[in-house]
Amino acid sequence: MNFGEKITGWYHIHKRDLPWRKTSDPYLIWLSEIILQQTRIEQGMDYYFKFKNAFPVVHKLAMASEDQVLKLWQGLGYYTRARNLHKAAKQIVELHNGVFPNNYKDVLQLPGVGPYTAAAITSIAFGEPYPVVDGNVMRVISRIFGIETAIDSTDGNKEITTLMNKWIDKNDPGTFNQAVMEFGALYCKPANPECSACLFKEDCYAYKNKIVNELPRKNGKVKTKKRYFNYLVIISKETNETWLQKRTEKDIWQNLYEFPLLESHNTMSEELLQKKIDQSGFNGQQVKIQKTVHDYKHILTHQHIYARFFVLWLTPHHSDAFMKAMGFKSAFTVKIQNIDQYGISRLTDRYLKENKLNEAST
DNA sequence: CAGACGTGGGT
DNA sequence: TACCCAAGTCT
């Protein structure tokens, strides 16, 4: 069986018409690859166009601020990708004179670019013979060739890479790579694969042995943690302002903005918050919890966040003292109508969309 | 090398 | 509901 010929033949007939397949610009191919890491095409598509429009060339991206890049990335998740994208653009301008590097070794040096992405970019844009090994490829190869080694192990990855190296078309590695991925996305899917219509029916180890649903094998899974986020939505009606702060810790949503946050080990009641305020040294009489918006359960891969938003009304003068007493050192005021200029998480975005801050009087 | 890191869709 | 997973990388 000539796997390479068969799968590229299939690809020429079945491939989807995707925007980043219409270009040979390594910058745009890189952009699409970063956006598509761990992300479905339907989910990343809009972002590809947004970034392409805002930053048509790498130089423009390098000139932007990180805040601008994160704002545009808002809602896509895995925000490290956005920060690295920006960092890499600056690096290309400074180290490569604004010209996108044209070989595997140099591309691999860019922040946010690992073995998969470097292989994808250089094979597609420059015809370098490096095989891609992503989730699709691991699934397709492990099923057809019967790799039973766990794919989330070093050995498993190595076995897949060896087979891809064996079959890659040195004359057109980009097409071969995309063919395997496309086949994994459209036919050899994780659940309910199209085995009855599959051109590898006669060859596929998993199909012949009736273990399609057991391959690829995987080892580990991680436990999910519960976290309790208590946001303080502080409203100064006199100035139409609220307070925000930037998440600078090495944690989720790094460098995005949010309301001042009190994280706790358990649910925080209004009474408990009131108590914390009293204990802060701030005169608790001057602040009243107007309302509490709770029941926001925000689900991340390995974290369940139970969030509630306490709405507090304070005069500008009192809110200043309040923030100081409560220990929010880096928080700052912002006009309510300007909040949408800040990059925020889906959770904060959802709250904002469902609650009008300046109509909090009811 | 195990654990982090988002979001949304499917079963 | 809970769990899986999607064109991975970094620490």
Side-chain angles (χ1 to χ4, degrees), chain A residues 11 15-16 18-21 29-48 70 73-85 87-88 107-121 123-124 130-140 150-158 160-161 164 174 177-186 188-193 213-214 216-227 247 249-256 297-305 343-350:
Chain A
Y11 179 68
K15 68 170 175 178
R16 287 167 292 181
L18 301 172
W20 43 86
R21 288 185 176 154
I29 293 169
W30 167 59
L31 177 62
S32 73
E33 288 299 339
I34 301 299
I35 288 174
L36 263 24
Q37 285 172 4
Q38 297 289 283
T39 303
R40 285 188 171 75
I41 285 177
E42 313 83 69
Q43 198 185 349
M45 188 72 80
D46 284 351
Y47 290 84
Y48 174 75
L70 279 170
W73 196 272
Q74 179 182 312
L76 231 204
Y78 283 150
Y79 298 92
T80 305
R81 292 183 292 169
R83 299 195 307 272
N84 280 335
L85 187 79
K87 211 182 291 179
V107 172
L108 188 59
Q109 300 303 314
L110 299 171
V113 174
Y116 162 77
T117 307
I121 295 170
S123 70
I124 295 169
Y130 291 90
V132 294
V133 178
D134 75 328
N136 286 312
V137 172
M138 290 191 281
R139 189 172 56 256
V140 170
I151 57 164
D152 54 352
S153 69
T154 311
D155 285 350
N157 190 287
K158 210 175 280 178
I160 306 284
T161 306
M164 284 294 281
N177 280 338
Q178 292 184 86
V180 183
M181 291 191 284
E182 190 79 336
F183 183 73
L186 298 182
C188 199
K189 297 175 290 184
N192 307 321
N213 290 324
E214 295 168 49
R217 299 199 188 282
K218 289 188 182 181
N219 282 333
K221 53 174 180 181
V222 197
K223 277 174 104 182
T224 66
K225 297 175 208 158
K226 291 182 179 179
R227 299 176 76 176
R247 292 183 67 90
E249 299 303 303
K250 215 159 127 186
D251 193 0
I252 57 170
W253 304 328
Q254 192 182 1
N255 289 5
L256 294 185
K297 185 177 179 183
H298 191 80
I299 304 196
L300 289 66
T301 304
H302 301 304
Q303 296 185 34
H304 287 8
I305 296 171
I344 55 178
S345 71
R346 221 23 149 193
L347 172 60
T348 299
D349 190 34
R350 201 162 294 156

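First the proteins, then the strands, lettered A, B, ... as listed; each starts at 1.
- Residue contacts for A:I29: at a heavy-atom cut-off of 4.0 Å it reaches no nucleic acid atom on any strand shown.
- By the neighbour-count criterion of 12 heavy atoms within 6.0 Å, atom NZ of A:K189 is densely surrounded, having more than that number from other residues, nucleotides or ligands.
- Applying the salt bridge (charged side-chain N to carboxylate O under 4.0 Å, His left out) rule to A:E33 yields no partners; only residues at least two apart in sequence or on another chain are considered.
- With the nearest nucleotide of DNA chain C identified for both A:L110 and A:M181, A:M181 has the one nearer the 5' end.
- Using a 4.0 Å heavy-atom distance criterion, A:V137 is classed as making no nucleic acid contact.
- Side-chain contact between A:Y79 and A:L70 is present, with at least one heavy-atom pair separated by less than 4.5 Å.
- Using a 4.0 Å heavy-atom distance criterion, A:T117 is classed as a sugar-phosphate-only contact.
- Ring geometry, A:W73 versus A:Y47: the interplanar angle falls from 30° to 60°, so the pair is classed tilted.
- Neither side chain, A:Q37 nor A:R81, offers a donor N or O lying under 3.5 Å from an acceptor on the other.
- Within the nucleic acid shown, A:K189 has no heavy atom closer than 4.0 Å to any nucleic acid atom.
- Across all strands, A:S32 comes closer than 4.0 Å to no nucleic acid atom at all (heavy-atom distances).
- A search for side chain to side chain contact (heavy atoms under 4.5 Å, CB included) contacts involving A:N84 returns A:T80, A:K87, A:P111, not counting sequence neighbours.
- Note on A:I35: nothing from the nucleic acid sits closer than 4.0 angstrom, heavy atoms only.
- Remark: the separation of the P atoms in B:dG3 and C:dC4 is 15 Å, to the nearest Å.
- At a threshold of 4.0 angstrom between heavy atoms, the contacts of A:W20 include nucleobase atoms, whether or not backbone atoms are also involved.
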What string of B, S and - do you get for nucleotides 2-11 of chain B 5' to 3' if you count protein non-hydrogen atoms under 4.0 Å? --SBBBB--S

